[in-house]
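This report concerns only the one structure given below.
So you know, we letter chains A, B, ... as the sequences are listed, proteins then strands, and number each from 1.
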There are 2 protein chains.
Amino acid sequence: MSTDGARLDTLDLALLRALTEHPRAGALELSRRLGVARGTVQARLQRLEDTGVVTGYGPDVDLTAAGFGVQAFVTLEIAQGALGDLTAELAAMPGVLEAHATTGSGDVLCRVAARSHGDLQQTLLQLGRSASVVRSTSVVALSELVPLRTLPLLTSEGGPPARAPGHRGG
Amino acid sequence: MSTDGARLDTLDLALLRALTEHPRAGALELSRRLGVARGTVQARLQRLEDTGVVTGYGPDVDLTAAGFGVQAFVTLEIAQGALGDLTAELAAMPGVLEAHATTGSGDVLCRVAARSHGDLQQTLLQLGRSASVVRSTSVVALSELVPLRTLPLLTSEGGPPARAPGHRGG
DNA sequence: CCGCTACTGTGCAGATCGATCAGTTGTGAC
DNA sequence: GTCACAACTGATCGATCTGCACAGTAGCGG
């Protein structure tokens with residue numbers, strides 16, 4: 001297996017962390033916070049975006065606060081060769097937050113959100129009516145134990161030390 | 001059920017959409033894009049953050065690009081009353097991206113990521129070793145059918161028309 | 001030893017930010 | 001009908017940040 005992932009060194013990780021904690025901070029503030037030059041922050045950030053590690057900075061919407069307090073995880077068993085059709089169907093349904101093809105005989109796991117249990121059932125029924133779906137099982141999310149996060153994983157390995165420090169001040 | 005969610009009108013939705021498509025845009029550029037005054041954008045954005053609808057602007061990290069190309073969904077059946085302990089354990093494991101308590105007799109659904117199948121198995125084994133876990137089932141994600149998104153859901157209802165337009169220029 | 005790359009610190013012109021003000025308009029209360 | 005209120009507009013101000021360029025320093029490999 002080739003290492004397709006761009007290796008993130010300590011500075012990259014620190015940059016991501018700082019950016020997570022202060023999302024609206026500009027390059028100058030980040031550079032101050034990290035103790036490096038502004039140009040370095042800009043270059044690193046540019047590289048992270050170029051390599052596809054950082055795909056965006058979209059606003060994180062709290063669906064509960066927005067009025068969509070009901071979420072569910074649905075496992076779909078789909079008909080042979082219907083993956084393409086189903087993908088299009090899922091993408092067209094606003095209530096479907098995300099969907100993944102998984103191991104198992106044609107299984108798809110998707111996450112669904114709705115404003116109420118009634119609305120959720122509507123979406124679930126619509127899913128079940130699909131010609132591509134053979135069987136479906138759903139569980140309702142009751143509480144969020146661990147909110148979505150990626151930094152702990154990235155940090156866990158303690159990346160390689162930063163590059164040549166170069167001109168060390170003075 | 002009370003409508004705890006802050007109602008988002010057309011302008012709020014347009015703002016979120018513009019912000020999603022141009023995440024690094026400042027208030028001025030957003031105002032130009034939406035055709036409203038800069039102060040309005042700032043006020044709306046402030047309100048969205050105050051009401052908790054927008055919780056942050058953290059950088060979206062593509063785990064595959066970062067070298068963590070293996071993801072799995074794990075269903076844990078847990079022992080009675082062990083939810084608290086398990087939550088702490090899950091939070092302490094970097095490989096656990098998120099976790100939700102779900103319907104079913106003490107079930108928890110969590111998403112796990114790893115650098116390779118071997119690493120994934122390590123995490124899975126660690127989960128199984130937990131005293132709080134009675135049984136565990138895991139499916140590996142093969143491909144992402146629908147990437148995570150929230151805007152379609154928010155937009156689907158076509159929020160109420162914007163507020164009093166006020167001074168209409170001229 | 002030399003070339004390459006990465007980082008540092010600085011400077012400048014232009015753009016943006018945050019705060020504030022008066023003016024206009026729709027809404028709901030009285 | 002009239003009034004106060006809330007929301008949006010358009011504008012200004014100083015302070016700050018951005019994008020870009022430059023020369024200098026330090027580690028790495030040939």
For [X] and [N], what is the distance between atoms [atom1] and [atom2] respectively, to the nearest whole Å?
| X | N | atom1 | atom2 | value |
| --- | --- | --- | --- | --- |
| R44(B) | dA6(D) | CZ | P | 16 Å |
| L11(B) | dG26(C) | CG | P | 17 Å |
| Q46(B) | dC17(C) | CD | P | 14 Å |
| L45(B) | dA19(C) | CG | P | 13 Å |
| D12(B) | dC8(D) | CG | C1' | 14 Å |

| field | S138(A): which of T75(A), L127(A), L124(A), V112(A) passes side chain to side chain contact (heavy atoms under 4.5 Å, CB included) | value | L124(A)
| query | Quick one: is the NZ or CZ of R111(B) closer than 6.0 Å to the six-membered ring centre of F73(B), and within 45° of its axis? | reply | no
| request: Go through the steps for L19(A) and Y57(A) under the test side chain to side chain contact (heavy atoms under 4.5 Å, CB included), then give the verdict. | output: CA-CA 10 Å; L19(A) 204 48; Y57(A) 304 84; 3.5 Å; yes
| message | So, using side-chain contact (heavy atoms from CB on, under 4.5 Å) as the criterion, who are the partners of A25(A) when residues are at least two apart? | response | H22(A), E29(A), L30(A)
| message | A side-chain contact here means heavy atoms from C-beta on lying under 4.5 Å apart; do V53(B) and D12(B) qualify? | response | no
| 4.5 Å side-chain heavy-atom contact, P94(A) and T155(B) | no
| query | Near DNA chain C, which residues from residues 15-40 of chain A have a heavy atom under 4.0 Å away? | reply | V36(A), A37(A), R38(A), T40(A)
| dT18(D) phosphate, OP1 or OP2, under 4.0 Å from Q42(A) side-chain N/O | no
